[in-house]
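Can you keep this structure in mind? I'll have questions shortly.
Naming convention: chains lettered A, B, ... in sequence-line order (proteins, then strands); numbering from 1 in each chain.
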There are 2 protein chains.
Amino acid sequence: MKRVTIKDVAKHANVSIATVSRVVNGIGTVTDENKKKVQASIKELNYFSNTLASNLKKNSSNVVGIVIPTFTNEFFMQVIKGIEDHFGHAEYVFYIASSDDKPEKERAILKKLLESNAEAVVLSTIGGNDEFIEELRQLNMYVISVDRRIENERSMDYICENNRESAYLLTKELLKIEASKDIVILGGHQDLSIGIERLEGAEKALAEVGKDFRYYDGSYNEEQAKELFSSIKKDYPAGCGIISLNNTMVTGLIHAIYEELDEVEMLKYPIASYGEIVFQSIFSTNIPIHIRQRPYEIGREVAKLLEKRITGESSVPQTYEIKNSLERK
Amino acid sequence: MKRVTIKDVAKHANVSIATVSRVVNGIGTVTDENKKKVQASIKELNYFSNTLASNLKKNSSNVVGIVIPTFTNEFFMQVIKGIEDHFGHAEYVFYIASSDDKPEKERAILKKLLESNAEAVVLSTIGGNDEFIEELRQLNMYVISVDRRIENERSMDYICENNRESAYLLTKELLKIEASKDIVILGGHQDLSIGIERLEGAEKALAEVGKDFRYYDGSYNEEQAKELFSSIKKDYPAGCGIISLNNTMVTGLIHAIYEELDEVEMLKYPIASYGEIVFQSIFSTNIPIHIRQRPYEIGREVAKLLEKRITGESSVPQTYEIKNSLERK
DNA sequence: CTGAAAGCGCTAACAA
DNA sequence: TTGTTAGCGCTTTCAG
């Protein structure tokens with residue numbers, strides 16, 4: 001069946017296409033009689049407005065892109081939920097895409113988004129595209145960065161958490177409850193704000209008590225963290241406290257620990273986790289302390305800012321920091 | 001900065017817009033000299049084609065919608081990954097949206113997709129929109145259903161798993177290893193193929209040995225399953241084998257079991273799980289058997305079919321069934 | 001091989 | 001209050 005257009009409706013209702021447009025958009029003035037006629041025709045012909053054409057004309061779009069590094073992290077799913085809940089699917093449609101931790105893929109997605117005239121993009125970057133992102137912004141595309149800062153000449157809106165402070169608190173607490181143990185840090189992403197800041201926070205806490213540590217790079221990746229545990233075990237056969245600077249690496253660690261150690265042995269490797277994992281409470285003996293993040297709230301804040309910006313309320317770029325909390329077993 | 005259009009490029013390169021269009025799309029014939037001039041201008045002016053306009057003219061779009069019931073189920077994440085991997089982000093952009101288990105939201109998303117001229121939509125329905133979906137198909141929108149069948153007059157493409165058989169095998173096996181125990185079934189979604197078929201499979205296995213069972217409706221929902229465990233515990237203080245007909249409910253059960261029971265007590269409630277959960281292997285004492293689903297393969301099959309259909313290779317609607325496997329501890 | 005011109009479906013002046 | 005009309009940026013005949 002051919003798609004019904006505004007023309008068809010106009011003809012059927014015996015009015016001009018302008019009138020149809022008016023009742024569809026609820027803009028301007030139409031007599032009650034005409035309005036009814038048009039609405040009846042719309043129903044009868046089963047007409048749907050073609051957003052493509054409408055957007056082309058209006059030079060806008062109701063598209064907001066959400067670009068995240070991976071689908072398989074509950075954290076980002078909650079961020080998305082926070083954003084969507086705020087808008088209640090009223091006006092915007094969200095393109096959600098995963099860069100799969102690949103800069104080239106992130107770039108491809110951003111390009112598509114630009115070509116699709118996305119009104120805004122919410123970006124949790126994997127890095128390596130700062131220059132391209134700057135180009136997009138030059139083209140008047142509104143970009144808000146989440147969780148991971150983008151370093152640019154022009155500053156931009158940014159919603160994040162108190163990475164440094166959280167990592168500091170987490171480390172401080174681990175040092176308190178496991179004072180006698182050796183300490184290792186499992187980090188990664190030294191090219192991203194998130195990686196740098198968290199490591200700095202942890203290092204600061206260790207420096208304050210003059211404690212030495214060993215650093216392992218797990219790339220914020222589950223598999224890599226799992227494999228790395230073999231090294232940790234070999235390097236510290238007597239055990240050590242592990243500070244994992246992100247949640248997916250903790251998932252990897254837990255897998256490794258349960259595969260390789262028995263119930264007694266595993267207690268030699270207590271984990272301080274930045275972020276929560278599934279079944280967090282069940283693994284509380286392995287993870288005596290952790291940082292509780294607030295991804296849903298991050299999503300809400302993103303949405304609030306988004307709304308402001310899209311409706312044109314332009315003002316100085318803003319950084320909003322969500323505060324995490326420290327949870328003990 | 002104003003967006004650069006094809007006009008600007010044409011002017012800058014001293015050719016007509018038609019020529020620019022030709023080199024952009026690699027269609028028709030252009031002299032090498034002109035081609036170079038145009039390409040140089042495109043680069044210099046930083047031109048991006050406006051897909052909106054292009055699609056309007058071509059009456060197409062490179063949009064494929066993926067509508068799933070929830071973001072927080074690893075199963076669907078894997079399906080998405082399978083689809084995306086097949087296309088390698090070459091030609092299409094995927095709108096991924098969650099209906100949040102709400103028919104109205106699903107409907108709203110589908111409407112947006114229609115208005116956006118989506119070329120195809122991959123739908124894992126929550127139900128209640130069969131009529132509306134039929135309308136979309138009348139409007140020439142290609143819909144492929146995944147995991148959950150849509151009952152319509154006109155049959156449609158459908159990728160699924162062998163629900164009945166899997167549930168049957170799972171139940172059979174549980175009866176074998178826990179022959180003496182009472183059995184309960186934790187199911188849900190009796191309005192969806194997935195719910196009906198799995199229950200039928202389980203019931204068949206039970207009927208074959210003349211074993212009675214009790215049915216609990218957990219709506220394929222984690223929280224609900226968690227709460228339901230209290231009832232199960234009360235109804236079967238001596239323990240029982242629990243057949244959970246989907247993975248998220250198992251997550252709920254595990255939470256409940258670990259909160260409410262000690263290590264010995266929990267063994268009285270072995271779970272046969274349809275689908276895998278995070279840390280599946282770690283909970284193998286609680287979940288001695290489970291069905292391993294193949295969501296990634298489902299995604300691949302979806303993509304393959306999608307490709308065929310989009311490129312116009314029309315033929316009879318097709319149902320493709322992926323075979324699951326039974327895993328023992 | 002190239003350019004002029006029509007038109008995709010819609011919106012928004014502007015005139016009536 | 002309504003209809004006419006000029007485009008939005010692009011593709012695609014059709015002449016040249």
Side-chain angles (χ1 to χ4, degrees), chain A residues 1-39 41-42 45-63 112 114-119 139-141, chain B residues 1-39 41-42 45-63 112 114-119 139-141:
Chain A
M1 195 192 305
K2 219 193 138 315
R3 181 162 181 148
V4 179
T5 73
I6 200 171
K7 248 186 194 160
D8 303 318
V9 178
K11 197 178 294 170
H12 188 271
N14 239 320
V15 294
S16 73
I17 56 168
T19 303
V20 177
S21 177
R22 284 185 192 109
V23 354
V24 168
N25 297 298
I27 274 172
T29 47
V30 188
T31 47
D32 261 15
E33 193 195 3
N34 271 339
K35 196 190 251 175
K36 268 191 201 114
K37 275 204 298 187
V38 170
Q39 283 166 337
S41 298
I42 286 177
L45 299 179
N46 200 10
Y47 166 76
F48 288 91
S49 145
N50 183 340
T51 332
L52 232 57
S54 160
N55 286 337
L56 175 61
K57 178 64 190 178
K58 289 195 290 192
N59 188 26
S60 79
S61 80
N62 48 179
V63 171
K112 282 264 191 231
L114 177 67
E115 291 175 352
S116 306
N117 287 23
E119 301 217 337
L139 293 165
N140 275 337
M141 185 150 135
Chain B
M1 198 191 300
K2 217 192 141 312
R3 181 162 181 148
V4 179
T5 75
I6 199 171
K7 247 188 195 158
D8 303 320
V9 177
K11 196 177 293 170
H12 188 269
N14 238 320
V15 294
S16 73
I17 59 168
T19 303
V20 177
S21 176
R22 285 187 191 106
V23 355
V24 167
N25 296 298
I27 273 170
T29 48
V30 187
T31 46
D32 261 15
E33 192 195 1
N34 270 340
K35 195 190 255 177
K36 267 187 204 120
K37 275 203 297 186
V38 170
Q39 283 167 336
S41 298
I42 286 177
L45 300 179
N46 199 12
Y47 167 74
F48 288 91
S49 147
N50 182 341
T51 332
L52 231 57
S54 160
N55 286 336
L56 175 61
K57 179 66 190 174
K58 290 196 290 193
N59 190 25
S60 78
S61 81
N62 49 176
V63 171
K112 282 266 191 228
L114 177 68
E115 291 176 352
S116 307
N117 286 30
E119 301 218 337
L139 293 166
N140 275 336
M141 183 149 137

Exercise. Would you say B:N25's side chain and B:R22's backbone share a donor-acceptor pair under 3.5 angstrom?
Worked result: no
Problem set entry | Rounded interatomic separation in angstrom, taking CG from B:L114 and P from C:dG9 | 14 Å
Exercise. Any side-chain N or O of A:S21 under 4.0 Å from OP1/OP2 of C:dC10?
Worked result: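 Answer is no, no contact under 4.0 Å.
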Problem set entry | Nearest to side-chain heavy atoms of B:N50, which nucleotide of D:dT12, C:dC14, D:dC10 |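 So the nucleotide nearest the side chain must be D:dC10.
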Exercise. On DNA chain D, nearest-nucleotide positions of B:S49 versus B:R22: which is more 5'?
Worked result: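 The answer here is B:S49.
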For this session: Compare side-chain N and O positions of B:T19 against OP1 and OP2 of C:dG3 and report whether any pair is under 4.0 Å apart.
Result: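 For C:dG3, OP1/OP2 do have a side-chain N/O of B:T19 under 4.0 Å.
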For this session: Quick one: label B:V15 by what it contacts on the DNA or RNA (base, sugar-phosphate, nothing), any heavy atom closer than 4.0 Å.
Result: sugar-phosphate
Exercise. Reckon B:T29 has a side-chain N or O less than 4.0 Å from the OP1 or OP2 of C:dC1?
Worked result: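 For C:dC1, OP1/OP2 do have a side-chain N/O of B:T29 under 4.0 Å.
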Problem set entry | With B:S41, the side-chain contact (heavy atoms from CB on, under 4.5 Å) member among B:V9, B:V23, B:D8 |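 When side-chain contact (heavy atoms from CB on, under 4.5 Å) is applied between B:S41 and each of B:V9, B:V23, B:D8, only B:V9 qualifies.
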Exercise. B:I17 has an atom CD1; how far is it from atom C1' of D:dC10, in whole Å?
Worked result: 7 Å
Exercise. Counting distance only, does the side-chain N/O of A:S116 pair as donor-acceptor with the main-chain N or O of A:K112 below 3.5 Å?
Worked result: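 Indeed, once roles are kept as given, a pair shorter than 3.5 Å links the two residues.
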Exercise. Between B:S16 and C:dG3, does any side-chain N or O lie under 4.0 Å from OP1 or OP2?
Worked result: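 It does, given that an N or O in the side chain of B:S16 lies less than 4.0 Å from OP1 or OP2 of C:dG3.
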Problem set entry | Distance-only donor-acceptor test, A:K57 side-chain atoms vs D:dG7 base atoms, 3.5 Å | yes
Problem set entry | Gap between atoms CG and C1', on B:N14 and C:dC1 respectively (whole Å) |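 Whole-Å distance recorded here is 16 Å.
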Problem set entry | Selected nucleotide, minimal atom distance to B:A18 side chain, candidates C:dC10, D:dT12, D:dT4 | D:dT12
Problem set entry | Donor on one side chain, acceptor on other, B:T51 and B:S54, under 3.5 Å |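 Absent: no donor and acceptor within the cut-off.
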Problem set entry | Rounded distance in Å - CG (B:L45) to C1' (D:dG9) |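 Between C1' of D:dG9 and CG of B:L45: 15 Å.
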Problem set entry | Euclidean distance, atom CG of residue B:L52 to atom C1' of C:dG9 [Å, nearest integer] | 11 Å
Exercise. Judged by modelled atom types alone, do B:R3 and A:N59 share a side-chain donor-acceptor pair under 3.5 Å?
Worked result: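 No, A:N59 and B:R3 have no side-chain donor paired with an acceptor closer than 3.5 Å.
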For this session: Take atom CG of B:L56 and atom P of D:dC8, then tell me their distance rounded to the nearest Å.
Result: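 Atom-to-atom, B:L56 to D:dC8, this comes out as 13 Å.
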Problem set entry | Nearest-angstrom distance from the residue atom CG of B:N117 to C1' of C:dC10 |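 Rounding to the nearest Å, CG of B:N117 and C1' of C:dC10 are 12 Å apart.
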Exercise. D:dT1 phosphate, OP1 or OP2: any side-chain N/O from A:T31 under 4.0 angstrom?
Worked result: no
Exercise. Starting at CD1 of B:I6 and ending at P of C:dG7, how long is that distance when rounded to a whole Å?
Worked result: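 These atoms are roughly 19 Å apart.
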Problem set entry | hbond_proxy B:K7 side chain to D:dG9 base (donor-acceptor, 3.5 Å cutoff) | no
Problem set entry | B:N25 vs D:dT11: side-chain N/O to OP1/OP2 distance below 4.0 Å |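 Yes, because at least one side-chain N or O of B:N25 sits under 4.0 Å from OP1 or OP2 of D:dT11.
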